[in-house]
Amino acid sequence: MHVMLLVIVAVSLLLPPLSSQLFDAVCPDKKSFVTSTANSGMNCLLKLKRNEHLPKSPVRCYNWSNTTVHDCRILCSDTYYGLVESGKMATKECPNNETGCMRIKCEKGNYVSEENFCLLAELSNILESTRNKTELAKNLPELVKQLANISTSRAVTEPGNLATTVEILTAFTSVTNVSVNLSVAQDFLVTINAIIDQSTLPSWKIVTEYKNISSQLLLSVEQITRLLSPTEETFNITKPNVQLKGVKINSNSHKDYELNFSDFIFRNISLTSFVRIDQNDLLMLPNGSLVISVAYATLIDILGLLNKDSNSTAKLNGLVVTTTAENSSINIEMVFSTLNNTFDLDTAKCVFWNFSLNGGEGWESTGCTAETNGDNVVCKCKHLTSFSFLMSPYLREESITLNIISLITTGISIGCLIIGLIIEAVVWKHVTKTKTSQARHMMMLNIVLSLLATDVFFITSHYLKAKTIICIVTIFLMNFFYLSLFFWMFTLALLLLYHLVFLFKDFSKTTIMIISFALGYLCPLIISISAFAVGFPQNHYIQQEKCWLSKEKLYLHQLFIVPISSIIGMNIFITFLAIFKILRPTVGDKPKNSTKDTNKTKQVCRSVVILSSVLGLTWALGFVFFYKDSSKIFDYAFNILNGLQGFCILIFGILMDSKIQAALMQRFEQSPNSSQKTKLIVSTTSNTY
């Protein structure tokens, strides 16, 4: 064996230093399979088989004299790509005689993320035709047509074809002293529409790692609009991912330049933009000149955020709109709808794409101001180019404070609800001896359970990543128990209404149970499943940035807010009816005196406090809370009052119940006489039913 090793070493020393020539051996520790290069006996490479896990600790390798050399380097091994060191890129030739190459990266002993940089022969021919600028100018319409046909009939969405297509488009717009008609512009936009489709986003991410060709794409469209020479006064080219609209300026026309882009659907959301230039600014342009606007939807994802003015967390949140004219130093106003309405509108910043920003490209805000109009962002800029707006997906400082308050109050609420459950379990036999009392405590128990589950899922959602399975399940259950909470509060309100209207009429125990559980659990389940079934397949159910129900679609709001709003409205009506019942004098009452008035005032106040906690009346503040310009006082009041709903239910819905107080006294072995002498605070709800 030793003789064999000596022969191998001797042969390796005599062979020329070829890095591709490898010898395999087993390390003396009998565990590591190593590969030693012939030209460097001191280097040792660890070769892992496909799907073999990387050792947890670095593997020590040895030279032939059993002396430790250094840690092994990791290799990827593949029959197609061969042997490559981890962290490096392996390449191979393209199939079908295509030019370019296939690339794949070696990471921790495994090949990952194969990249197709092969080039279609047709694209290679067109690219070669663009080398001669004279011939390019002559054949421009035909070449643009050929590229449009290729982009629609062949797959140009792979990284290699995508990058080459952008290079060809850039070459098309580099010609001078050439004018193109609307037919050529339409073919040009056919290609643009194909390569910026949402399906091409993975390829854009790959290509952008090597070169920011998205900026070249934007510049090529700006340049083609400057070559455009239509005969029409107004013109319009509409594609799913890009739209071009423009007008020819007439000195006799006294109109503003107004264009509306409204037919974009991106991520199943309708995006719009309105562009306006005042007629006084148009007078600065020569008669017969063109003003052209081009809008893109998918550049939200494609354009990188190389932006020197805003923080790195800001993201595009609307259409990208390019407007060009012979004189670019004129004022322009644009109104954008937002893609994600959960972003903080206060952080909106209008920006333009600067093609020479500190030696590179990126978003800049110089000369632009931002305003908000409802959920829209209004941008006013003093020049023309490609515009959009950035917004922060993170909560502002005030919202963070509110979030902390919500977590603290919800934690308190959970503790109080657990105490409430314990009390109900202790006194259950003592307070459920009649049908009315049993129905009331059964409803209170389900209110407590629903609110407890809601609070637990609410806190849990803050620590889960968006789009995960556990997040989706949590949001579904939280949505269900929120609705269940309000429906159970509604059943309690209906029980109160029944006793207010039918004071001496009894009810069936079976009937009240069936109605209660149908309202309390079946209705919320149907609504929750409906929201999930419609929203989840369309990727509308969960927000992109955090584990929370999406706000991007109105129907999800309606399925949640409409039932809750209706229940709150009904519960408020029943509360007012109960107050009216208290204040209405009964037959045979003597004239009012101050003592009776004081007692009734106390009784009304007590009823309002109790019913507000157990019927969820404080949630009515949500109507003010969700109004954009509402005062911060309402924000804090909403979060504190509803966060502490469990605390209020414990105090006013459980501990202030005279029967529960008596049962607790009896439980703790206090004498009946003593308990009767104790001053009890009797709620109107317990007196009523």
task: Would you check, one step at a time, whether the test disulfide bond (SG atoms under 2.5 Å apart) holds for C118 with C101?
output: CA-CA 5 Å; C118 297; C101 66; over 6 Å; no
- prompt: Is it the case that N236 and T238 place a side-chain donor and acceptor less than 3.5 Å from each other?
  reply: yes
- request: Report the residues that fulfil disulfide bond (SG atoms under 2.5 Å apart) with C381, sequence neighbours left out, ordered by chain and then residue number.
  value: C368
message: What I'd like to find out is whether the side chain of L228 reaches to under 4.5 Å of the side chain of I224, using heavy atoms alone.
response: no
field: Distance-minimising heavy-atom pair for A531 and Y541
entry: O-CD1, 3.8 Å
Check: K88 side chain, C106 main-chain N or O, donor-acceptor pair, under 3.5 Å: no
message: Just so I know, are the side chains of F172 and L136 near enough to count as touching, which here means a heavy-atom distance under 4.5 Å?
response: yes
field: Separation of D256 CG from L282 CG (nearest 0.5 Å)
entry: 7.0 Å
- prompt: Which residues pass the salt bridge (charged side-chain N to carboxylate O under 4.0 Å, His left out) test with D278, sequence neighbours left out?
  reply: R276
Side-chain touch I529/F476, heavy atoms, less than 4.5 angstrom: yes
- prompt: Is the number of heavy atoms from other residues, nucleotides or ligands within 6.0 Å of NZ (K382) greater than 12?
  reply: no
message: Restricting to ring pair (Phe, Tyr, Trp, His ring centres under 6.0 Å), what partner residues turn up for H462, sequence neighbours left out?
response: F458
message: Could you check whether atom CG of L201 has more than 12 heavy atoms from other residues, nucleotides or ligands sitting under 6.0 Å from it?
response: yes
OG on S388 to NZ on K315, rounded to 0.5 Å: 14.0 Å
task: Could you note down all residue pairs passing side-chain hydrogen bond (donor to acceptor under 3.5 Å, both in side chains) where residues 163-176 supplies at least one of them, sequence neighbours left out?
output: K133-S174
Interatomic distance, N354 atom CG to S365 atom OG [nearest 0.5 angstrom]: 11.0 Å
- prompt: What heavy-atom pair brings H383 and T366 nearest, and what distance separates the two atoms?
  reply: NE2-O, 3.4 Å
- prompt: Applying salt bridge (charged side-chain N to carboxylate O under 4.0 Å, His left out), which residue pairs with at least one partner in residues 285-298 are found, sequence neighbours left out?
  reply: none
- request: Evaluate side chain to side chain contact (heavy atoms under 4.5 Å, CB included) for S129 paired with E135, printing each intermediate quantity in order.
  value: CA-CA 8 Å; S129 300; E135 292 299 316; over 6 Å; no
field: Nearest-0.5 Å distance, CG of residue L549 to OH of residue Y482
entry: 11.0 Å
Cys pair C547, C471: SG separation below 2.5 Å: yes
task: Apply side chain to side chain contact (heavy atoms under 4.5 Å, CB included) to I192 and I196, showing your working.
output: CA-CA 6 Å; I192 296 292; I196 67 172; 4.1 Å; yes
message: Could you tell me if the side chain of I206 sits less than 4.5 Å from the side chain of L162, heavy atoms only?
response: no
- prompt: Going through the distances and angles, do L119 and N161 end up as a side chain to side chain contact (heavy atoms under 4.5 Å, CB included)?
  reply: CA-CA 5 Å; L119 189 61; N161 293 326; 3.5 Å; yes
field: Separation of L140 CG from T130 OG1 (nearest 0.5 Å)
entry: 11.0 Å
- prompt: Are L227 and V175 side-chain neighbours, meaning at least one heavy-atom pair lies under 4.5 Å?
  reply: yes
- request: Work out which heavy atom in N376 is nearest to a heavy atom in V335; give both atom names and the distance.
  value: CB-CG1, 3.9 Å
message: My understanding is that only residues two or more places apart in sequence, or in another chain, count here; which of them pass side chain to side chain donor-acceptor pair (under 3.5 Å) with E114?
response: Y81
- request: Only counting residues at least two apart or in another chain, list the ones meeting ring pair (Phe, Tyr, Trp, His ring centres under 6.0 Å) with Y257.
  value: none
query: Applying side-chain hydrogen bond (donor to acceptor under 3.5 Å, both in side chains), which residue pairs with at least one partner in residues 177-195 are found, sequence neighbours left out?
result: N193-N241
query: Should we count NZ of K248 as having more than 12 external heavy atoms under 6.0 Å?
result: yes
Given T298, D301, N340, the one that forms side-chain hydrogen bond (donor to acceptor under 3.5 Å, both in side chains) with R267: D301
field: Where V291 and A325 come nearest, the two heavy atoms and their spacing
entry: CG2-CB, 4.1 Å
- request: Provide the full list of side-chain hydrogen bond (donor to acceptor under 3.5 Å, both in side chains) pairs with a residue in residues 136-145, sequence neighbours left out, each pair given once.
  value: E142-Q146
- prompt: Do you know which two heavy atoms are closest between C350 and V378, and how far apart they sit?
  reply: SG-O, 3.9 Å
query: Judged by modelled atom types alone, do S214 and W204 share a side-chain donor-acceptor pair under 3.5 Å?
result: no
Parallel, tilted or perpendicular: ring planes of F532 versus F536, cut at 30 and 60 degrees: parallel
field: Pairwise side-chain contact, L218 with F355, heavy-atom cut-off 4.5 Å (strictly under)
entry: yes
query: Is there a side chain to side chain contact (heavy atoms under 4.5 Å, CB included) between I330 and I277 once you walk through the steps?
result: CA-CA 8 Å; I330 59 178; I277 300 176; 4.2 Å; yes
- request: State the CE-SG distance between M334 and C379, to the nearest 0.5 angstrom.
  value: 5.5 Å
message: Using the ring pair (Phe, Tyr, Trp, His ring centres under 6.0 Å) criterion, which residues pair with Y296? Sequence neighbours excluded.
response: none
task: Determine the minimum heavy-atom distance between F264 and K239, stating which atoms define it.
output: CE2-O, 4.4 Å
- request: Sequence neighbours left out, what passes ring pair (Phe, Tyr, Trp, His ring centres under 6.0 Å) with F235? Give chain and number order.
  value: none
- request: Sorted by first residue and then second, give each side-chain hydrogen bond (donor to acceptor under 3.5 Å, both in side chains) pair with at least one member in residues 219-231; sequence neighbours left out.
  value: E222-T385, E222-S386, T225-T324
- prompt: Do F336 and N317 come within less than 4.5 Å of each other through their side chains, counting heavy atoms only?
  reply: no
message: Any non-hydrogen side-chain atom of L217 less than 4.5 Å from a side-chain atom of L299?
response: yes
